[in-house]
Amino acid sequence: MGVNEILLLRSRAPSRKAPSPCPPRSYAVRWKAQFRFLSTPGKATEVHRMPVRSPSAQASPELLELRHRIRHSASHIMADAVLQLFPEAKYAIGPPIEDGFYYDFDVARPFTPEDLEHIETLMRERIAQDVPFIRTEVSRNEAKAAFREQPYKQEIIDGIPESESLYTLRHGPFTDLCGGIHVEQSGQVAAFKLLSVAGAYWRGDERNPMLQRIYGTAWESQEALDNYLELLEEAERRDHRRLGRELDLYSVHDEIGPGLIVWHPKGGVLRTIVENYWREIHTRHGYNLVYSPHIGRSNLWRTSGHLDFYQENMYAPMELDEQEYFLKPMNCPFHIMIYRSELRSYRELPLKIGELGTVYRYERSGVLHGLMRVRGFTQDDAHIFCMPEQVESEVGGVLDLTFEILRAFGFDEYQIMLSTRPEKYVGDLEMWDHATASLRNALEQRGLHHDIDEGGGAFYGPKIDIKIKDALGRDWQCTTVQFDFNLPERFDLSFQDSESHRARPYMVHRAILGSIERFLGVLIEHYGGAFPLWLAPVQAVVIPIADRHLPYADSVASRLRGAGLRAEVNAKSDRMNAKIRQAQLQKVPYMLVVGDRESEANAAAVRLRDGSDLGPLQLEDIVARMTSEVAAYA
RNA sequence: GCCACCGUAGCUCAGAGGCAGAGCAGUUGUUUCGUAAACAACAGGCCGUCGGUUCGAUUCCGACCGGUGGCUCCA
């Protein structure tokens, strides 16, 4: 979406990203990720036996603060241990984070797994000593002197305004510059574990030196730590890359190229269902669905501004007939050309042009990740061209559509962010104010809680972003609704108003699922691969008990397919038990076992994915049951 | 792109400077079975690619490609 994320970045003050020496005492208000999973417990191999949610989601504020203290103190204890092993190490910052903590060090060589073990041992010793944490206010000069060997601390001190007090925090022999809140005694760090080492730029800026960051987690009890570690394992079992392979949904190939997805038949079914649902609901909401090519001439991208500001994210041009063509990184210019293909009247507005548009972006190699971050992806893109007085109801319409769609996929809670005008912007103030107010009003009319990112909008317009959270605890931005005051100017868009004057339309970009690839990745993890019936690539497997039941099994599958259901027969020469196991592992919702009894009674013995056995049911009843389940998006 | 780690069969992973291995998956055959794994045989490999060291490299070294976890970025 949007024209140019790069400019958005540039428009932000650099100070926004600078880490504070100690994190503020307040906690970011965590939204509750609520996932609906199949609730029936299954056997040990069931992936969906445990609801995945961050342990922080249901903790009281008091407990959250205790954990914050424990984690912050654990980071100090870790720095203490690192300094014992590596006296030359320079230590940078070590804040608590969600579910844990980290500390960044400048060391001569990277940490090894063995180092982490030694560090853990030293940490345990310090915790067993139960030493007090002592906070002391110090003058600027005292602080500079105390950390004269620590260049990063010097930089932090220099970055703290003169008006603010400085504090040191000491436990045992280790002193850090820190005004944050901590436990009283090191013994209160009841349970911790170091998890990983990673490179991280000082102050998050790639022009700065890269430091070695150690991540750890710390909890108020061994039980809480164990629960967390179990959660991590569950998240790994739900990883869409693992499930994508196990359920035969998609693959990536060296030969094709990194970040380029091929969808296998089962993944193709899943995607087709999602896309057909999308098309149907968008048509119902008055969108005009279009198609546009994958490449366009350089002139188009010059006009849109992409060549000036986005080219580093674009695939290199192809030259044909002395013309340069670029793979499209965005759909906007094509939809604009459709708008511009005739003189528009105010009577035609709002005009909503939508497309499942596949775009290609040259993402940096280190950021690619399964389906979540790829180089070729399909946006559920649409652009709304409208008049000023239509803006609010159009934004409202997008929000209503968004929640209808997200609810159908089982997402019930969201984090909504409204981003307002940055320092550098295009368009006039009045438009910005009007657009921002309409975004806010549309949210408030619907009673939707949202946070405000002051100045966080793109240079070309304010926006609403909606995030959903995946099973690994990551927030994924799917939905985005952005005003654009830039492209209508660049392409000189207009319409004829009721007084026959030329007027400039408002343009709103919006994507609800964001990228189909990413959304399916989120969906795979959200359901742990156990898709609800309407999405399941295979809805029913017919399992003949012996080969003599094969003809009947085929007739059962045909009957289901005749009713629009996706059914397969497992005709392998395995025993029934093995076939049930295979269907279970493939998370097929319905297993229809047919033997002598069933074939005589025009029935099938129904076993559900959750292990329940419904016994023999008439085929008509099975079809009716499944069809109504599909109709309810259940 | 940067830092670290990793690339051996479709998957998970052993292995060792001198004949390439297991389990699962696959194929075939036997079995015809009542709610989570029948039995057997077979097949499967440029040990990521290129270069170097060596009598000999899948193994050691380097570069590249790809992956993983982060950083940065982002739909």
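Reminder, nothing fancy here: chain letters follow the sequence lines and each chain counts from 1. Remember, predicted model here, so these are calculated numbers, not experimental data.
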By nearest nucleotide on RNA chain B, pick out whichever of A:Val594 and A:Asp205 is the more 5' one.
A:Val594
What residues form a ring-ring contact (aromatic ring centres under 6.0 Å, His included) with A:Tyr201, not counting sequence neighbours?
none
Could you work out, with salt bridge (Lys or Arg N to Asp or Glu O under 4.0 Å) as the rule, every residue matching A:Asp205, not counting sequence neighbours?
A:Arg207
Could you state the atom-to-atom distance from CG of A:Asn313 to P of B:C74 in whole Å?
9 Å
Pairing residues for A:Tyr215 by the side-chain hydrogen bond (donor to acceptor under 3.5 Å, both in side chains) criterion, not counting sequence neighbours
A:Arg213
With a 4.0 Å cut-off on heavy atoms, is A:Ala605 in touch with a base, just the backbone sugar-phosphate, or nothing at all?
base
Looking at residues at least two apart in the chain, or sitting in another chain, which of them share a salt bridge (Lys or Arg N to Asp or Glu O under 4.0 Å) with A:Glu517?
A:Arg271
Using a heavy-atom cut-off of 4.0 Å across all strands, would you classify A:Val374 as base, sugar-phosphate, or nothing?
base
Could you pull out all residues at least two apart from A:Arg245 that satisfy salt bridge (Lys or Arg N to Asp or Glu O under 4.0 Å)?
none
Which pairs would a plain distance check flag for residues 571-578 of chain A, meaning a side-chain donor or acceptor within less than 3.5 Å of a matching protein atom at least two apart in sequence or in another chain?
residue	atom	partner	partner atom	Å
A:Asp574	OD2	A:Gln582	NE2	3.1

My understanding is that only residues two or more places apart in sequence, or in another chain, count here; which of them pass ring-ring contact (aromatic ring centres under 6.0 Å, His included) with A:His282?
A:Trp278, A:Tyr287
ring-ring contact (aromatic ring centres under 6.0 Å, His included) partners for A:Tyr250, two or more places apart
A:Trp263
Residues from residues 546-554 of chain A lying under 4.0 Å of RNA chain B - heavy atoms:
A:Ala546, A:Asp547, A:Arg548
Give me the stems containing RNA chain B, sorted by first residue, counting only three or more consecutive Watson-Crick or G-U pairs with both distances under 3.5 Å; say none if there aren't any.
B:1-7 with B:65-71, B:10-13 with B:21-24, B:26-30 with B:38-42, B:48-52 with B:60-64
Nearest-0.5 Å distance that lies between atom CG in A:Asp239 and atom CD1 in A:Ile524:
9.5 Å
With the six-membered base ring of B:G70 as reference, does the ring of A:Tyr215 sit under 5.5 Å away with planes under 30° apart?
no
For nucleotides 8-12 of chain B, which of its nitrogen or oxygen atoms have a protein nitrogen or oxygen under 3.5 Å away, and what is each distance?
none

Run the salt bridge (Lys or Arg N to Asp or Glu O under 4.0 Å) test against A:Lys352 and tell me which residues pass, sequence neighbours left out.
A:Glu394
